[in-house]
2 protein chains.
Amino acid sequence: MTEKQGPTVQSVERAIAILKAFSVEEPELGVGELSRRLNLPKSTVFRLLSTLEAGGLVAQNPKTGQYRLGVDLIGLANNVIAYADVRRVARPHLRRLADALGETVSLSILDGRDAVNLEQFVPPRRLVMRVGWVGRRMPVHTVSVGKALIAFLPEEELSRLLDGSLEALTPHTITDPQVLRDELVRVRERGYATAFEELEEGLHAISAPLYNHEGEIVAAISVSGPAYRLTRERIEEIAPQVVQTAHQISKEMGYRDGP
Amino acid sequence: MTEKQGPTVQSVERAIAILKAFSVEEPELGVGELSRRLNLPKSTVFRLLSTLEAGGLVAQNPKTGQYRLGVDLIGLANNVIAYADVRRVARPHLRRLADALGETVSLSILDGRDAVNLEQFVPPRRLVMRVGWVGRRMPVHTVSVGKALIAFLPEEELSRLLDGSLEALTPHTITDPQVLRDELVRVRERGYATAFEELEEGLHAISAPLYNHEGEIVAAISVSGPAYRLTRERIEEIAPQVVQTAHQISKEMGYRDGP
DNA sequence: GCACATCGTTCCACGACTCGGCACGACCAA
DNA sequence: TTGGTCGTGCCGAGTCGTGGAACGATGTGC
């Protein structure tokens, strides 16, 4: 998200907060529940919901009276052209990688100080696991894609990103900027990044960056899964495949490496 | 979109109007352009954009100063669970049908008096044509999916839908409710609907409804293309394939037809 | 190089619009 | 039947959003 903070409109901020309260785990919420979650009076929530409903961004379930996100959001998301090319090019590669490895494969971009998941492929036999990660924001220092995305940034941008304290999400999260910098040196050397239980306990991941035709890093792909399955040894095993997939996607976007 | 109109909040309505001003054809818009489009003062537009930007729903292109839709919309769209099952089940079938026929294939649902496209598959050699239809709303009487969706509605719901005049979008649009009703009889008889230049000049389409496990119509698929290619004869040729694909999708959703 | 036009952004006085408390009828469970 | 909670409606208060004017930045044409 943007760092600069211009003037804002309170009721629009509230409306956005309502939209973001819904999730894959909790797709339907009532006026009362939203009121409690967002610490707003019910009549305020009701009026905002009514406006969002008129605009097609939420819909009321006539059977339960509760609200859910509306289909017009699908149309809006489809008009998001940012990263559309890399997403379209990457999709078949990510699907194949997910099927080959039997693990969750994602595509993420850097947005402010967060890595944001734009695509996610979960193999069929793992569908009950970790859904709803598309759109999820994760602090860059806590995930392998974040490290892959920032490792090659100019020093000035990197310093700005690492300004302030690094939040610990688990006991394993890197919170010392120097330790993170050392880690980024390794990412640059190896061409891929890893994260071992730094975002969530029991979750491991490996990522590789994607380059566009100008040699800029525009996104990163990652393979993630439970630590008991995606052991450190297993991550070493699949690293070449992840890096190669990232390379293939980059080449399809016009990236040319070497002299 | 909902017919009922509750109390609304003006600034949230305006913010939604800003979001909907962006399109695949015009992915970047400036403050001044939005001001003119929406007939709002620039300072009002700027403040609303600033709020949407803080919420991640728009982003400013630092190079041009113009705005575009933000990646958080992708996350919100991913949390839209309405029709998620039918979309997931239908996707591989629609992709195959698009590849087999070499025409655009879509999935649409009924929302208020509109048919709304939720999925769209365009074969590779046709990618330069008609993009950005996901999220598009079309009056039900002007498209084949609309006819497929309303043909089997109870009389009461159908009457309510056809209340008021039917807008003519082309000289071929059906505007006489009785003529439309006769057309719907044919849809029920054949099991599929057609539209010949009723939404746009030069555009033909054929659709078939999708049923859920309770035998309710939840969506419809369509094949569409230019009239010179998708002639009336060609539509007769592919009708069995469209109906069969719809049937396969319906069965995967638990639909059981016949004794 | 300068003038001009247009851009996004900022400021501020003002009142329109949003707020939130309260109450309502509907619904459900005990 | 009673009590609790739900979504919804109303209305007075005043906060917040509005919009006009102006600003600096940028690009263009002469």
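Just so you know, these numbers use all the heavy atoms, side chains as well, and skip hydrogens, waters and symmetry mates. Letters A, B, ... are given to chains in the order of the sequence lines, protein chains preceding strands, and every chain is numbered from 1.
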Measure [atom1]/[X] against [atom2]/[N] and give the value in whole Å, please.
X	N	atom1	atom2	result
N39(A)	dG20(C)	CG	C1'	12 Å
E33(A)	dT5(D)	CD	P	13 Å
L29(B)	dG8(C)	CG	P	10 Å
N61(B)	dC7(C)	CG	P	16 Å
Q66(B)	dT6(C)	CD	C1'	12 Å
L34(A)	dC6(D)	CG	C1'	13 Å
L49(A)	dG9(D)	CG	C1'	15 Å
R36(B)	dG8(C)	CZ	P	8 Å

What residues, two or more places apart in sequence or in another chain, satisfy side chain to side chain contact (heavy atoms under 4.5 Å, CB included) together with [X]?
X	answer
T142(B)	M138(B), P139(B), L169(B), T173(B), L199(B)
F46(B)	P7(A), V31(B), Y67(B)
S35(B)	K42(B), V45(B)

**OP:** Would you mind telling me which residue lines up with the more 5' stretch of DNA chain D, P7(B) or V9(A), judged by nearest nucleotide?
**Re:** P7(B)
Subject >> Side-chain N or O of Y67(B) closer than 4.0 Å to phosphate OP1/OP2 of dC7(C) >> reply: no
**OP:** Using only side-chain N and O atoms of Q10(A), determine if any of them is under 4.0 Å from OP1 or OP2 of dC17(C).
**Re:** no
Original post:
What is the per-nucleotide protein-contact pattern of nucleotides 19-27 of chain D, from the 5' end, where B denotes a base atom under 4.0 Å from a protein heavy atom, S denotes such proximity for sugar-phosphate atoms only, and - denotes neither?
Top reply: BB-------
Subject >> G30(B) or S11(B), whichever maps to the more 5' nucleotide of DNA chain C >> reply: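 The residue mapped nearer the 5' terminus is G30(B).
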Original post:
Is R113(B) paired with E167(B) through a side-chain N to carboxylate O contact shorter than 4.0 Å?
Top reply: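 Looking at E167(B) and R113(B), the cut-off is not met.
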**OP:** Answer yes or no: is there an ion pair linking D72(B) with K20(A), defined by an N-O contact shorter than 4.0 Å?
**Re:** yes
Original post:
Of all the nucleotides listed (dG8(C), dC7(C), dG9(D)), which has the minimum atom distance to the side chain of F46(B)?
Top reply: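 The answer is dG8(C), which lies nearest to the side chain.
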Suppose we screen for salt bridge (charged side-chain N to carboxylate O under 4.0 Å, His left out). Which residues come up paired with [X], at least two apart in sequence or across chains?
X	result
R68(A)	E28(A)
E156(A)	R160(A)
R91(B)	E119(B)
E33(A)	R36(A), R37(A)

Original post:
Roughly how bent is the helix from dG1(C)-dC30(D) to dA30(C)-dT1(D) end to end, in steps of 10 degrees, with each end axis from five pairs?
Top reply: 50°
